[in-house]
Amino acid sequence: INGEAYQMKQVFINLLKNAMEAMNHGGNIYIHVQTYDREARISVQDEGCGMTEEQINALGKPFYTTKETGTGLGYMITQNIIHNHGGAISVESILEQGTTFTVSIPTIITPEEPIM
């Protein structure tokens with residue numbers, strides 16, 4: 001992918017930190033990477049408490065948080081970084097089973113070598 005390294009690092013720090021904080025009693029975090037012709041998909045999946053549909057719909061609103069000490073800005077910043085890199089982020093969640101955030105970002109398209 002073509003992107004600002006510091007910003008992309010911030011995206012995955014935010015997603016991993018949120019996944020860890022969602023698992024009060026421990027659990028696993030899985031990172032899946034898939035590549036396609038023009039897109040890479042990176043998923044961060046936790047075994048945490050999950051979220052309701054209302055909570056999912058409120059994600060990205062400034063100062064919305066489900067944490068006692070959260071600012072509600074991390075996901076909004078993550079969304080903006082991904083959007084500025086031409087990508088998208090989606091979320092799937094099941095209560096008491098966990099949440100998966102998937103970042104889809106364009107891959108670099110390398111022109112084919114001319115045939116001589």
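By convention here, the first residue in the shown sequence is residue 1. A quick note: this is a predicted structure, and the numbers were derived from the prediction, not measured.
In terms of hydrophobic clustering, with Ile, Leu, Val, Met, Phe, Trp and Tyr side chains grouped at heavy-atom distances under 4.5 Å, Ile13 and Ile42 are assigned to different clusters.
With sequence neighbours left out, the side-chain contact (heavy atoms from CB on, under 4.5 Å) criterion links His32 to Tyr30, Ser43, Gln45. Shown here are the side-chain hydrogen bond (donor to acceptor under 3.5 Å, both in side chains) partners of Asp37, two or more places apart in sequence or in another chain: there are none. Listed by chain and number, the residues in a side-chain hydrogen bond (donor to acceptor under 3.5 Å, both in side chains) with Glu39 are Arg41 (sequence neighbours excluded). Under the salt bridge (charged side-chain N to carboxylate O under 4.0 Å, His left out) criterion, Glu4 pairs with no residue, sequence neighbours left out. Looking at residues two or more places apart in sequence or on another chain, you find a side-chain contact (heavy atoms from CB on, under 4.5 Å) between Met23 and Ile29, Asp46, Glu47.
The two residues Pro106 and Ile1 come nearest to each other via the heavy atoms O-CG2, 3.5 Å. When all heavy atoms of Val103 and Val11 are compared, the closest pair comes out as CG2-CG1, 4.3 Å. For the pair Val44 and Ala19, the tightest heavy-atom approach, listed with the atom from each and the gap, is CG1-CB, 4.3 Å.
In this structure, the separation between CG on Leu15 and CD on Gln10 is 10.0 Å, given to the nearest 0.5 Å. Rounded to the nearest 0.5 angstrom, Ser104 OG and Ile82 CD1 are separated by 9.0 Å. Between Phe12 atom CZ and Thr78 atom OG1 the span is 9.0 Å, to the nearest 0.5 Å.
A side-chain donor-acceptor contact under 3.5 Å links His85 to the backbone of Ile81.
Residue-environment remark: OH (Tyr6) stays at or below the threshold of 12 foreign heavy atoms within 6.0 Å. Within a 6.0 Å sphere centred on CG of Asn24, other residues, nucleotides and ligands contribute more than 12 heavy atoms.
Counting heavy atoms from C-beta outward, Thr102 and Thr100 have side chains that approach closer than 4.5 Å. With a 4.5 Å cut-off on side-chain heavy atoms, Thr107 and Asn2 do not count as touching. Side-chain contact between Leu59 and Phe101 is present, with heavy atoms from C-beta onward closer than 4.5 Å.
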N/O donor-acceptor pairs under 3.5 Å from side chains in residues 88-98, not counting sequence neighbours:
from, atom 1, to, atom 2, distance (Å)
Ser93, OG, Met51, N, 2.7
Ser93, OG, Gly98, O, 3.3
Ser93, OG, Thr99, OG1, 2.7

Side chain to side chain contact (heavy atoms under 4.5 Å, CB included) between Arg38 and Tyr36, worked out: CA-CA 6 Å; Arg38 298 193 164 144; Tyr36 300 91; over 6 Å; no

